[in-house]
Novice: 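Below is a structure I'd like to ask you about.
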Amino acid sequence: MKFDPTLLDAKWQKYWRDNETYRTETTSDKPKYYVLDMFPYPSGAGLHVGHPLGYIASDIYSRYKRQRGFNVLHPMGFDAFGLPAEQYAIDTGVHPSVSTEKNMARYKDQMERLALSFDWSRAVNTSDPKYYKWTQWTISRFWHNWYDKAQKKARPISELIAHLEANGTEGLQAAQTEELSLSASDWKALDKKGRSEVLMNYRLAYRSVSTVNWCEELGSVLANDEVKDGKSERGGHPVEQRPMVQWSLRITAYAERLLQGLDTVDYSEGLKAQQANWIGKSTGALAYFDIEGHEERLTVYTTRPDTIFGVTFMVLAPEHEWVDQLTTPEQQAEIDKYQTYVAGRTELERQQDVKTVSGAFTGSYCINPLNGKRVPIYIAEYVLKDYGTGAIMAVPSDDERDKRFAEHFGIEIIQVVDKTDYPGATLKDKVGVMINSGFMNGMQVPEAIKAATQKLEEQGRGQYDVNYRIRDLVFSRQRYWGEPWPIVYDQDGVPEFLPTEQLPVELPPMEDFRYRDGKAPLERATDWVNSEHGRRETDTMPATAGSNWYYLRYMDPHNEEAFVGQDAVNYWQDVDLYLGGVEHAVSHILYSRLCHKLWFDIGLVPTREPYKKLFNQGMIGAPITSIHLARATAEDGSEHKVWVNFQTSAGGGIPRMPTSSNEVSQTEIRDRKVDVPGLGTLTIQEIELDRKVPLRLVEETSVDNEASFRLYRKAIDELDKDDAQDAAYFRQILSQGEAIAWTKEKDGREYVELSYVMGKMSKSKYNVINPDDICARYGVDCFRMYEMFLGPLDQAKPWSVSGIDGVYRFLRRFWGLFYDETGNFNVSDVEPGKAEMKSVHTCIQKVTDDIEKLSFNTCVSAFMVATNELIKLKANQRDVLEPLVRLIAPFAPHLAEELYAALGHDGSVHHTHWPAFEPKWLVEDSVTLPIAFNGKTRFTLEFPADADKATVEAAVLANAQVQQQIGNKSVKRVIVVPGRMVNMVVG
RNA sequence: GCCGACGUGGCGGAAUUGGUAGACGCGCUGGAUUCAAAAUCCAGUUUCUUCGGAAGUGCGGGUUCGAUUCCCGCCGUCGGUACCA
C-alpha cells in the first residue's frame with residue numbers, strides 16, 4: 001500500500017464514528033483525567049487555521065492520557081448565546097437560533113474532520129433550553145444565598161432570615177450593598193416588600209441602582225471587561241456611565257478568596273498577575289475627618305496613613321452624595337458649574353485627558369484627626385465615586401495628582417517623607433523617613449503606617465482597612481439573545497426567583513428584537529411578560545452565564561434532575577487541564593471561579609477551584625493586506641492618483657504579531673512623499689481609498705529579507721463568481737489609479753505593493769485561511785503535526801504554509817519504514833540491534849517528557865530524528881516499529897491506526913497502552929566528552945562509560961592532543977564532570 | 001506610569017539542575033537521477049579568517065573552571081492595565 005493520507009482520513013474517521021471510539025464512561029474504575037478546551041462561539045465564518053491549534057494540542061494530550069490508562073473526559077460544545085449572533089441576526093434578518101444551528105453543524109463537521117477525539121454525545125449548547133434551564137438554576141443559587149464574612153462562606157437566605165428575626169442586624173457580618181441597622185422588631189414590623197428590600201441588600205444575586213457602562217448603540221449595559229478604552233469591545237461604540245437598575249452578582253464578597261485561590265492553581269505567572277490586578281487588593285486605613293459645622297464625619301480611604309500630617313486639602317468625587325450639603329451658598333454657583341461640566345464628559349474624554357487639572361471648592365472645611373489642622377474640601381473628577389469611599393485626603397507632597405491639583409489651586413504643600421536616601425522613589429514604594437509629622441518623626445515609612453493606623457484606631461478616628469478594586473458583576477443585558485432572568489414581580493413590584501420546576505423560562509419567539517425606544521426587546525413580548533406567575537423580568541443574562549458552569553455539565557450532560565449529578569461530579573471533580581485563548585484570561589476564568597466557590601460553599605462541588613491547570617495557547621495570525629489609493633500633487637502642481645504602501649512610506653519597520661484580539665491600528669503616514677517614475681516626487685494630499693485585499697489574491701515575496709505582499713493585475717480576474725461584487729469593486733478601484741499604479745516586472749507582469757500588518761484572522765479582514773484545503777491536500781495527520789511544529793504552543797505566530805512540505809516528507813518517510821517503494825508491507829520479526837533500540841527509546845523518552853510539558857513542537861522533531869536514524873539503519877523490525885506507532889498515535893491518529901492494523905492488531909491503536917521507556921537501551925559502553933580549555937571547547941575524546949574522575953583526568957593529561965594545547969603553559973586545575981565534560985584551567 | 005512576557009542564523013525555532021550554542025524543519029547552494037521538469041536522494045549552509053584559528057545568543061557589567069541559562073544596570077518588542085487614593 002502506498003501512502004495516501006486522503007484515503008486513510010476517510011477510512012479511519014468512518015471507523016471511529018461507527019465504533020464510538022471516543023465515547024467516555026461517566027464513571028469508571030480507572031483514574032479520571034479531564035481535558036477541556038474553551039468552547040467556541042460558532043461564528044458564520046467557520047473554523048480557520050488558528051482555531052485548531054489549541055484543539056489539536058488538547059487532543060494529543062487527551063489521546064496520550066487515554067493510552068496511559070486514564071478515563072479521559074474531552075468534550076466540546078458551543079457558546080451560542082450573546083451579542084455576535086444577535087447582531088448578525090439584526091444585520092441579516094436570519095434568526096439567531098437558525099444561524100447558530102447551521103454554524104454549529106459546520107463547526108462539528110470541521111472538528112471531526114480534524115480527528116479531534118471529542119465525545120460528541122456530551123456536546124452542550126448554551127442556547128438550548130435544556131441547557132439554559134440549569135444556567136438559570138445556577139444563578140438561583142446566588143439569589144438564595146448570602147455571604148457570611150465571619151464564616152467566610154455563603155449561607156442560605158433562610159439562615160439570614162432566622163438571624164434577622166432573632167437579632168435584627170446585630171452581630172451580622174455580611175457582604176452587603178449598604179450598611180443596614182435594624183432591630184429584630186424592626187424586621188418583624190416590615191411588610192413583604194420591605195423584607196424583600198432588606199434581603200436584596202444581602203443576596204448574592206441582587207437588584208440595585210448602580211452606575212453602569214451604558215452603550216446606546218448596542219442598547220445594553222456592558223460589564224467592565226466588555227469596555228476597552230472607553231468604547232465597547234464589540235463594535236467600538238461609545239460607552240457612558242449611567243445610573244440604572246440592574247441585576248448584579250456579588251463577586252466582591254469573594255474577592256479575597258479569588259485572590260488567595262490563585263496560589264493553589266497552576267496558571268502562568270502572567271495570568272495570575274492579570275487576575276490579581278483585576279481584583280486589585282490594597283491595604284491601608286480609613287480615616288474619619290470631622291467636618292466644621294456638620295454632625296457627620298467624612299470617611300476617606302488611604303494606603304498611606306503615615307502621610308496624614310501632609311494633608312492640606314480633601315477631595316470628593318463630583319457625584320459624592322454629600323457635595324450638596326457641604327457646598328456653601330457662596331460656592332454654590334461654582335460647584336454647580338463644575339458638576340455640569342463633569343456630567344457632560346464622556347468616559348472616553350475623561351480617560352484620554354488626565355493631565356488637565358480641574359475641580360471646585362465647596363467652601364467647607366475638615367479637621368485633620370491627628371493634628372487638628374483645618375483643611376478645605378474640594379470636588380474633582382480625578383476622584384472616582386466607586387473606588388474606596390469616593391473621597392480622599394490629599395497629600396500633595398507625595399502624590400503626583402494631588403501635587404498638580406495643589407499647584408493649580410495654590411494650596412500649601414508640606415513635605416512629610418524625607419526620601420533623600422531613595423532617589424526616584426514614589427508614593428507606591430513606601431520608603432523614606434518621616435518629617436514634620438509629630439509623633440512619627442524619624443520613623444521609617446512602614447513603621448509609620450502602622451503607628452498612624454494604631455493612633456487612629458486608639459482615638460476612634462479611623463481603622464485598618466482592605467480595599468478591592470473589583471466591582472460587583474453587572475449581570476443584566478437589555479438584549480434578546482440570552483437567558484431570561486427567571487424572575488417575576490407581583491403587583492407591588494416584589495421580585496421572586498421562579499422555582500426549579502418552573503425553569504427554564506424560555507425566550508419567547510420574536511421576529512424583531514431590535515433595541516428600541518430605550519426599552520429592552522423582551523418588553524415588547526407582552527404576552528410573555530404578563531405571565532400567570534406575575535410580570536416577568538425582561539433583562540437577559542450576559543454571555544458569561546452559560547460559560548460559567550459548562551465544564552460541570554459535560555460531566556453529566558443529560559441529567560434532567562440536577563445541573564450535574566453528584567456521582568458524576570464526585571468522580572470527575574474538576575478540570576485537570578484547561579486550554580484556551582488568552583483573551584478569556586481575566587473575565588471568563590474569574591467568573592467561573594466565583595461560581596465554583598459558591599457551589600463549593602453550598603456543597604454542590606467537592607473542589608475549591610474549577611481548573612487545576614490553565615494553559616493559554618498563542619494566536620495564529622495572518623497578514624492583513626491593504627491597498628491605498630492616494631491623491632497626490634507633483635512638484636509642478638499637477639494632481640495624480642497614486643498607490644501608497646503605508647509601511648514603506650512611513651518607514652515603520654516590520655509589522656509584528658499582535659497577541660490579542662485588539663484591532664490593528666493604522667500606521668500614520670509620517671513621510672508624505674512618494675517617488676513615482678516619470679513624475680518625480682509627489683506629495684500625498686489625502687488617502688481616498690483604503691481597502692483590504694483578500695489574502696488569496698496576494699503573492700508573498702521577499703525583498704531584502706522582509707516579507708512583501710503584492711497584488712498582480714491579473715489576480716483580479718481570478719475572483720470567482722461568489723465574489724463578483726468584490727471583483728467589480730476591485731476592478732473599479734484599480735482602474736482609478738491606472739496611469740501610474742503598476743510596477744512592471746522583468747517578465748512583464750504588473751503589480752501593486754500592498755501594506756500589511758499581522759493580525760487575527762477574520763472574515764472582515766479577508767485573511768481567513770481555512771484548514772479544509774490544507775487537509776485535503778496533505779491529509780489531516782500532516783496538518784495536525786505541522787500546526788504543532790510551528791513553535792511553542794503558548795507563542796503567538798503568523799500562519800505560514802512554507803514548511804508543511806517538510807512535515808509531509810517526514811510522514812512519507814515514516815510510512816516508508818513499514819512499506820517498500822512498491823507498496824509492499826515490509827516489517828520483519830527479526831530481533832533488532834542495539835542501535836535501533838536506542839533510537840526508539842530515546843524517542844519514547846523525549847516524546848513522553850515533552851507531551852507532559854505540552855512541548856509538542858519538540859515532539860515532532862524527536863519523531864523526525866528517530867525516523868532519520870532508522871532509515872539510515874534500514875530498520876524494519878517489529879520491535880522497533882510497533883512502539884513508534886503507538887507513540888505517534890496521538891499526533892497522527894489515522895496513520896497510526898492504519899499501521900497498527902497492518903501490524904496485525906484488531907481494535908483501535910488509541911485504546912492500547914503507551915510504550916514503556918527502558919533506560920537500559922540508552923546505556924553506552926563509552927562516552928564522548930568535550931575537552932575544554934579555560935571554558936572553550938577544543939575537541940572531544942572518548943572514555944569508557946564507567947570511568948571515574950581520576951581515570952578520566954589521568955587519561956586526559958596523558959593525551960597528546962591535550963599536551964599540544966597546553967604547550968608550555970601549566971595546568972592549574974582540571975574539572976571533570978562525569979558523563980558531561982572536561983575543563984582545564986591553563987595559564 | 002505600573003504589571004507580565006520576550007529578545008538565539010536568511011526564516012520558524014532547539015538546547016535537562018549552568019556543561020560541545022544553532023537540534024529539527026523551511027529556504028538557499030552544489031551534486032546524483034531525468035530527454036527535461038516535478039518528485040526523490042546525497043553533501044554543504046552562524047559570521048569573520050592570514051585556513052592556524054578567532055568571535056558569537058539585544059547592549060554594558062558581575063558571579064563561576066565554565067553563562068543563551070544566575071545576579072545588577074540599560075535598550076528594544078509584544079501583551080495587560082491605569083487619575084484606584
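Numbers restart at 1 for each chain; the letters A, B, ... are given by sequence-line order, proteins then strands. Since this is a predicted model, take the numbers as computed values, not measurements.
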Novice: Taking the nucleotide of RNA chain B with the closest heavy atom to each, which residue, A/Gly270 or A/Arg471, is nearer the 5' end?
Specialist: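 The 5'-side residue here is A/Gly270.
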Novice: Using the C1' atoms only, state how far B/G76 lies from B/G30, rounded to an integer number of Å.
Specialist: 39 Å
Novice: Mind checking the C1' distance from B/C6 to B/U68? Whole angstroms is fine.
Specialist: 13 Å
Novice: Could you tell me whether the phosphate oxygens of B/G13, OP1 or OP2, come under 4.0 Å of any side-chain nitrogen or oxygen in A/Gln795?
Specialist: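 Looking at the OP1 and OP2 atoms of B/G13, one of them is under 4.0 Å from a side-chain N or O of A/Gln795.
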Novice: Between B/U46 and B/A14, how far is it from one C1' atom to the other, in whole Å?
Specialist: 15 Å
Novice: Can a donor-acceptor pair be found between the side chains of A/Asp794 and A/Asn616 at a distance below 3.5 Å?
Specialist: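 Side-chain D/A pair, A/Asp794 to A/Asn616: absent.
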Novice: Check this for me, if you would: do A/Asp4 and A/Lys2 make a salt bridge, where the nitrogen-to-carboxylate-oxygen distance has to be below 4.0 angstrom?
Specialist: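 No salt bridge links A/Asp4 with A/Lys2.
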Novice: I'd like the P distance from B/C74 over to B/G80, given in whole Å.
Specialist: 25 Å
Novice: Quick test: give all pairs of protein nitrogen or oxygen and nucleotides 23-26 of chain B nitrogen or oxygen below 3.5 Å, distance rounded to 0.1 Å.
Specialist:
residue : atom : partner  : partner atom : Å
B/G25   : OP1  : A/Asn868 : ND2          : 3.2
B/C26   : OP1  : A/Arg809 : NH1          : 2.3

Novice: Contact class for A/Ala932 vs. all strands (heavy atom < 4.0 Å): base, sugar-phosphate, or nothing?
Specialist: nothing
Novice: Both A/Val586 and A/Thr302 contact RNA chain B. Which one's nearest nucleotide lies toward the 5' end?
Specialist: A/Val586
Novice: Using ring pair (Phe, Tyr, Trp, His ring centres under 6.0 Å) as the criterion, list what pairs up with A/Phe409, not counting sequence neighbours.
Specialist: A/Tyr378, A/Phe405
Novice: Would you check, one step at a time, whether the test side-chain hydrogen bond (donor to acceptor under 3.5 Å, both in side chains) holds for A/Tyr338 with A/Ser358?
Specialist: CA-CA 8 Å; A/Tyr338 188 65; A/Ser358 68; 2.7 Å; yes
Novice: Roughly how far apart, to the nearest Å, are B/G25 and B/G79 at atom P?
Specialist: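 Roughly 33 Å separates the two P atoms.
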Novice: A/Arg812 side chain N/O closer than 4.0 Å to the phosphate oxygens (OP1, OP2) of B/A39?
Specialist: no
Novice: Are A/Asp781 and A/Arg784 close enough for a salt bridge, meaning some N to O gap below 4.0 Å?
Specialist: no
Novice: Classify A/Leu384 by what it touches in the nucleic acid, base, sugar-phosphate, or nothing, heavy-atom distance under 4.0 Å.
Specialist: base
Novice: Under 3.5 Å, is there any donor-acceptor pair linking the side chain of A/Arg980 to the base of B/U17?
Specialist: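 Yes.
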Novice: NE2 of A/His584 versus C1' of B/G80: gap in Å, rounded?
Specialist: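 My rounded result for the distance is 15 Å.
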Novice: Give me the distance, rounded to whole Å, that separates B/U57 from B/U8 when you measure between the P atoms they each carry.
Specialist: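 Approximately 11 Å lies between the P atom of B/U57 and that of B/U8.
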Novice: Determine if the base of B/G44 is syn or anti; take syn to mean the glycosidic torsion is within 90° of 0.
Specialist: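 Anti conformation for B/G44.
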Novice: Where do N or O atoms of nucleotides 65-68 of chain B meet protein N or O atoms at under 3.5 Å, pair by pair?
Specialist:
residue : atom : partner  : partner atom : Å
B/C65   : OP1  : A/Arg973 : NH1          : 3.1
B/C65   : O2'  : A/Asn983 : ND2          : 3.2
B/C65   : O2   : A/Asn983 : ND2          : 2.5

Novice: As a test of the definition: with a 90° window around 0 for syn, would you call B/G10 syn or anti?
Specialist: anti
Novice: Say you pick atom P in B/U47 and the same atom in B/A5; how far apart are they, in whole Å?
Specialist: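 Straight-line distance between the two P atoms is 34 Å.
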